[in-house]
Number of protein chains: 2
Amino acid sequence: MKYDPAQKTTRGAARTLKAFSETMLMMLGEKPFEKISVNALCEAADYPRATFYNYFDDKYDLLTYCWYRMRREVHLDQISGDPTDATFMAAFDQIYHLFDSHHDLLIAVVSHNPLDSQLVNHFIQYFTSVFTELFSARAKPQALKTPVELVAKHYSSTVLLIMEWIFLGQHPTTREEAEVYVRELLEPSFTCVE
Amino acid sequence: MKYDPAQKTTRGAARTLKAFSETMLMMLGEKPFEKISVNALCEAADYPRATFYNYFDDKYDLLTYCWYRMRREVHLDQISGDPTDATFMAAFDQIYHLFDSHHDLLIAVVSHNPLDSQLVNHFIQYFTSVFTELFSARAKPQALKTPVELVAKHYSSTVLLIMEWIFLGQHPTTREEAEVYVRELLEPSFTCVE
DNA sequence: TTTACGTTTAGACAGTTGTAAAACATTCAT
DNA sequence: ATGAATGTTTTACAACTGTCTAAACGTAAA
């Protein structure tokens, strides 16, 4: 992101950032991402084009900021790297809740942006990288030969796959069912034992 | 893809398609995908712009055709949906070979296009969808509660994750080691039994 | 050879993109 | 309040995109 959330944000800048990201999300519910030009976006947000480029490198950079805002709404701190660990399921529930709380927005967006579109891809990729970082931060040394980093990526991409299936692929699924999915996919032995 | 590989291709059309895709792959080894304009591409391929748009919708459409050509080089037919099945590992080996045979090209491309770039994303997404189709085509009815389609996606995205790790992330890994990875990630119980 | 057909090409078009320089507005310490 | 620093807006620009039209081309049947 061009804009650095770490640095202090003036009231004016915050207002501008909010206006652009909310306008983008609104327009995503109306038309495909490819059809949204920076021109039209600025028109709708009622800001000059130069201001847009003041805060963002391009459309994609704004998207990243949109996902950042969404992600920021939920605390995702107590994650363990081990799916048999109880804190893993707690983290999974938090992630489920994050997506669930934006259910309507996601439905609207997907209705104009297919699952294999650049937009959905960008969305998935952003959250995958966020979760990968969280998973690998507390990864335990494991008995496997597979590198820890690869395992962390595997966990997060699997979790995202399930979220995509449920919330973007429009397969209504309760949190409890979703928990079964993630256990079956990540720990097949777990299911056999039961 | 705008161009339909199913329809008969005249000799002239085949030459044009080949020229564009090879030029694209060559340029990807020289600069990032975002910096490659259709103009420059046509210049390098020595074809007029109108011809480009005759065959492809845009840059991305040409990319898809590039991956299609790559994919076509290898037979990927005998795939089973079950990772404990021997044919699954046979298929995995074929996929490993496919990427391995383009090792130099992938190195060159990645040196100008980071792992989280649009380009690499597009590449991964294309092959994930190809493998998903193959895996679900022969998916066996399973004891899991997780939908078959979701499981197929999980298999293919995991396989691609490993390929990305090895060939794009530049972690030299033998085929035997790669086989260990895929077994550990997809069938942890399998490893425990051994 | 001529005709007819589909494909390829040249050129032009309106709209978009990202950048740069300068004008303008705010904020805040002095 | 004054002035410096910072942030915002205007305007202009060169380059690119995707589409269109009409002309040029090749090929295969009459």
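Proteins get letters first, then strands, A, B, ... in listed order; numbering begins at 1 in each. What you see is a predicted model; the values in this text were computed from it and never measured.
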S.K.: Decide whether A:Val130 and A:Leu168 are clustered together by the hydrophobic rule: side chain heavy atoms of Ile, Leu, Val, Met, Phe, Trp, Tyr closer than 4.5 Å, transitively.
M.R.: yes

S.K.: In whole Å, I'd like the distance from the CG atom of B:Asn54 to the P atom of C:dT7.
M.R.: 9 Å

S.K.: Taking OP1 and OP2 of C:dT8, is either one under 4.0 Å from a side-chain nitrogen or oxygen of B:Thr51?
M.R.: no

S.K.: Between B:Arg49 and A:Lys2, which residue's closest nucleotide on DNA chain C lies nearer the 5′ terminus?
M.R.: B:Arg49

S.K.: Just how far, in rounded Å, is P of D:dT9 from CZ of A:Arg15?
M.R.: 10 Å

S.K.: At under 4.0 Å between heavy atoms, what does A:Phe56 touch on the DNA or RNA strands: base, sugar-phosphate, or nothing?
M.R.: nothing

S.K.: Using whole Å, report how far OH of B:Tyr60 lies from P of D:dC16.
M.R.: 15 Å

S.K.: Round to the nearest Å and state the distance from A:Asp57 atom CG to C:dT19 atom P.
M.R.: 7 Å

S.K.: Return yes if some donor-acceptor pair links the side-chain N/O of B:Glu184 with the main-chain N/O of A:Leu144 below 3.5 Å, else return no.
M.R.: no

S.K.: Please report the distance, rounded to the nearest Å, between OH in A:Tyr53 and P in D:dT11.
M.R.: 18 Å

S.K.: What contact category does B:Tyr55 fall into here, base, sugar-phosphate, or nothing, at under 4.0 angstrom with non-hydrogen atoms?
M.R.: sugar-phosphate

S.K.: Is there any salt bridge (Lys or Arg N to Asp or Glu O under 4.0 Å) pair reaching into residues 154-182 of chain A, and which pairs are they, with sequence neighbours excluded?
M.R.: A:Asp93-A:Arg175, A:Arg175-A:Glu179

S.K.: Assign each of B:Lys59 and B:Ala50 to its nearest nucleotide of DNA chain D by heavy atoms, then name whichever residue's nucleotide is nearer the 5' end.
M.R.: B:Lys59

S.K.: In whole angstrom, give the distance that lies between atom OH of B:Tyr47 and atom C1' of C:dT7.
M.R.: 13 Å

S.K.: In this structure, how many angstroms lie between the C1' atom of C:dT16 and the CZ atom of A:Phe33, rounded?
M.R.: 14 Å

S.K.: Got a donor-acceptor contact below 3.5 angstrom from the A:Glu149 side chain to the A:Ser136 backbone?
M.R.: no

